[in-house]
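Before any comments, here is the structure.
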Number of protein chains: 2
Amino acid sequence: MPSPEAITQTVNSYLTLLAKGATDEIVNLYTTDATIEDPIGADVLRGHDAVRAFYTAIQDAKKETELAEIRIGGNEAAFLWHLTLDAGDSRTRISPISVMTFDDQARVASMRAFWSPSDVRVL
Amino acid sequence: MPSPEAITQTVNSYLTLLAKGATDEIVNLYTTDATIEDPIGADVLRGHDAVRAFYTAIQDAKKETELAEIRIGGNEAAFLWHLTLDAGDSRTRISPISVMTFDDQARVASMRAFWSPSDVRVL
């Protein structure tokens with residue numbers, strides 16, 4: 001079981017790397033057979049190649065991330081966070097609630113993101 | 001699939017009934033074979049009798065509830081909410097992130113609450 005501190009560190013690393021568009025480093029936060037469901041209801045992606053493709057698609061967007069609230073139980077975390085997208089002449093914000101499970105080394109074994117298009121706000 | 005509006009209504013009813021300590025009405029929000037894991041990592045409770053016992057144990061505590069953020073995807077919702085407990089000479093607050101799944105009638109099929117004792121704040 002990973003410690004709450006190790007889980008929190010992985011989540012913070014994830015959000016920092018996401019803002020940077022550091023796809024390879026994000027992939028390395030995931031276990032090799034990890035799954036992604038983002039948003040909830042979308043097809044479930046599995047494995048490093050699928051994880052890499054998912055983050056490559058958004059790596060060049062200019063964006064900021066911020067962790068708002070995190071709750072940890074066992075080898076899982078739920079966290080509310082802000083993703084601000086800067087398209088030059090417009091800024092939008094999505095604030096998903098994401099749920100992750102972790103392996104013993106606090107690598108991400110699964111990620112599920114709760115948000116919908118109706119949650120997107122123009123700043 | 002329940003509508004987002006129906007899911008939101010169930011969540012709001014749940015928090016209102018929880019504040020009132022209206023155990024029977026809370027039980028009726030759940031499907032007959034529903035599960036509860038609260039907090040994450042605790043034994044999973046299953047079925048109306050177990051659900052009733054869970055809420056009976058806390059029904060007499062004086063408390064307030066407030067929905068802070070809710071995100072809905074498919075037949076699931078994740079929401080951040082505040083539970084304020086008033087013990088007369090002290091007030092404490094826990095702000096869990098809960099994840100629920102719903103059946104077609106927007107009844108709660110499962111509830112999982114992310115929080116830990118370290119999240120309890122004295123007001």
Side-chain angles (χ1 to χ4, degrees), chain A residues 1-11 15 35-45 65-83 92-104 106 108-121, chain B residues 1-11 15 35-45 66-84 92-104 106 108-121:
Chain A
M1 183 91 75
S3 69
E5 293 75 17
I7 287 175
T8 303
Q9 187 175 338
T10 296
V11 169
L15 294 181
T35 56
I36 289 178
E37 185 180 351
D38 185 351
I40 299 298
D43 288 344
V44 175
L45 311 175
T65 57
E66 183 188 351
L67 181 62
E69 299 280 350
I70 183 167
R71 301 291 179 273
I72 295 167
N75 67 333
E76 299 185 52
F79 54 102
L80 172 69
W81 59 288
H82 306 299
L83 171 64
T92 54
R93 177 169 291 167
I94 311 171
S95 300
I97 293 177
S98 295
V99 177
M100 288 179 168
T101 63
F102 301 87
D103 73 358
D104 286 346
V108 184
S110 68
M111 183 276 275
R112 308 183 72 225
F114 287 78
W115 66 278
S116 64
S118 64
D119 298 321
V120 179
R121 287 188 302 148
Chain B
M1 181 93 73
S3 69
E5 292 76 16
I7 287 175
T8 302
Q9 188 176 337
T10 297
V11 169
L15 294 181
T35 56
I36 290 179
E37 185 181 351
D38 184 353
I40 299 297
D43 288 344
V44 175
L45 311 176
E66 183 188 352
L67 181 62
E69 300 278 351
I70 184 168
R71 301 290 179 273
I72 295 167
N75 67 333
E76 297 185 54
F79 54 101
L80 172 69
W81 59 288
H82 306 299
L83 171 65
T84 306
T92 54
R93 178 170 291 167
I94 311 170
S95 300
I97 294 177
S98 295
V99 176
M100 288 179 168
T101 62
F102 301 86
D103 74 358
D104 286 346
V108 183
S110 67
M111 184 276 274
R112 308 181 72 225
F114 288 77
W115 65 277
S116 65
S118 64
D119 299 322
V120 179
R121 287 187 301 148

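Proteins get letters first, then strands, A, B, ... in listed order; numbering begins at 1 in each.
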Counting only heavy atoms closer than 4.5 Å, note whether [X] contacts chain B via side chain, backbone, both or neither.
X: Ser118(A); result: neither
X: Ile72(A); result: backbone
X: Ala77(A); result: backbone

* Asked: Which value, rounded to the nearest 0.5 Å, describes the distance between Ile97(A) atom CD1 and Phe114(B) atom CZ?
  ->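 Interatomic distance, Ile97(A) CD1 to Phe114(B) CZ, rounded to 0.5 Å: 10.5 Å.
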* **Pairs of heavy atoms under 4.5 Å with chain A: top-ranked of Gly41(B), Gly74(B), Ser95(B)** =>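 If we count pairs closer than 4.5 Å to chain A, Ser95(B) comes out on top.
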* **Flag side-chain contact, heavy atom, 4.5 Å: Glu69(B) against Glu69(A)** =>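 When only atoms from C-beta onward are counted, Glu69(A) and Glu69(B) do not touch, as no gap falls below 4.5 Å.
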* Flag the pair Ile40(B) / Arg71(A) as yes when at least one side-chain heavy-atom distance between them is below 4.5 Å, and no otherwise. =>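 They are not in side-chain contact.
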* Considering all heavy atoms, the nearest Val99(B)-Val99(A) contact ->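 Where Val99(B) meets Val99(A) most closely, the heavy atoms are CG2-CG2, 4.1 Å.
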